[in-house]
Amino acid sequence: MPQPKQHASAAARQAAFRARREQRRQAEMAAKGLPVLPSIPSIPGWPRWNASFQTAYQLIAESLSEMQDYFEERSENWQESQRGDDHQEKIASVEAVQDALSDLIS
């Protein structure tokens with residue numbers, strides 16, 4: 001037995017699909033803590049972009065702290081080895097990224 005039609009036409013079905021898709025996208029953005037983009041595409045989305053930069057900065061700060069703790073927990077021989085030097089170079093790179101992001105935020 002065929003299912004009854006939910007929509008009067010193909011256009012109504014597509015409009016319902018677009019509405020569901022937009023609601024899902026809005027829910028994903030809300031879950032990430034990001035404000036919505038302006039409805040007019042020519043207006044810049046600075047509040048949303050600043051929120052995403054702030055989130056990225058916090059994630060990088062956490063990772064940097066973990067990397068530094070990891071380095072400090074290793075033995076002195078490891079810290080002075082090639083692996084320790086490589087790790088310090090990566091820490092320096094992450095600090096540079098963090099500094100660049102802090103320029104965007106402030």
Side-chain angles (χ1 to χ4, degrees):
M1 178 170 196
Q3 291 184 345
K5 289 188 175 184
Q6 293 181 349
H7 305 286
S9 67
R13 186 178 67 241
Q14 289 175 351
F17 169 75
R18 287 190 194 104
R20 285 192 314 271
R21 186 178 60 186
E22 182 61 24
Q23 287 173 347
R24 199 173 17 225
R25 192 179 74 77
Q26 295 294 334
E28 288 173 0
M29 292 298 176
K32 292 180 183 179
L34 297 175
V36 297
L37 283 170
S39 58
I40 302 172
S42 61
I43 297 175
W46 283 110
R48 181 173 183 269
W49 299 334
N50 287 335
S52 65
F53 295 152
Q54 184 66 36
T55 302
Y57 182 86
Q58 291 170 352
L59 286 171
I60 288 173
E62 286 179 27
S63 298
L64 183 59
S65 174
E66 291 173 6
M67 290 173 75
Q68 290 169 338
D69 291 345
Y70 178 84
F71 181 81
E72 292 169 2
E73 291 173 358
R74 303 296 117 206
S75 68
E76 192 171 318
N77 288 338
W78 185 90
Q79 290 178 2
E80 294 172 358
S81 71
Q82 181 63 36
R83 290 173 67 188
D85 290 341
D86 292 344
H87 191 77
Q88 281 293 83
E89 288 175 14
K90 289 178 183 177
I91 288 175
S93 298
V94 172
E95 287 173 340
V97 170
Q98 187 181 30
D99 290 342
L101 264 177
S102 69
D103 292 342
L104 283 175
I105 294 170
S106 51

In Å, rounded to the nearest 0.5 Å, how long is the span from CD of Gln88 to CZ of Arg83?
14.0 Å
Grouping I, L, V, M, F, W and Y whenever their side-chain heavy atoms are under 4.5 Å apart, do Ile105 and Leu59 come out in a common cluster?
no
Using side-chain contact (heavy atoms from CB on, under 4.5 Å) as the criterion, point out the one residue from Arg18, Arg25, Gln23 that pairs with Arg21.
Arg18
Just wondering, do Gln6 and Arg13 contact through their side chains at under 4.5 Å, heavy atoms?
no
Give the ring-plane orientation class for Tyr70 versus Trp78, where under 30° counts as parallel, over 60° as perpendicular and anything between as tilted.
perpendicular
Pairwise distance OG(Ser63) to CD(Gln58) - rounded to 0.5 angstrom:
12.0 Å
Correct closest heavy-atom pair for Leu104 and Asn50 would be O-OD1, 4.4 Å
If you measure from CG on Leu101 to OH on Tyr57, what distance do you get to the nearest 0.5 Å?
8.5 Å
So does Arg74 have more than 12 non-hydrogen atoms from other groups sitting under 6.0 Å from CZ?
yes
Might you confirm whether atom CD of Glu22 has over 12 heavy atoms from other residues, nucleotides or ligands at distances under 6.0 Å?
yes
What distance do Ile60 atom CD1 and Ser65 atom OG have between them, rounded to the nearest 0.5 Å?
13.5 Å
For His87 versus Met67, what's the shortest heavy-atom pair and its separation?
NE2-O, 3.0 Å
If you look at every heavy atom in Gln98 and Ala61, which pair is closest and at what distance?
NE2-CB, 3.5 Å
To the nearest 0.5 Å, what is the distance between CD on Glu76 and OG on Ser81?
11.5 Å
Which heavy-atom pair separates Gln68 from Glu95 by the least distance, and what is that distance?
NE2-OE2, 3.3 Å
Please report the closest heavy-atom contact between Glu80 and Asp85, naming both atoms and the distance.
O-OD2, 4.2 Å
Derivation of the side-chain hydrogen bond (donor to acceptor under 3.5 Å, both in side chains) call for Asp86 and Gln82:
CA-CA 6 Å; Asp86 292 344; Gln82 181 63 36; 2.9 Å; yes
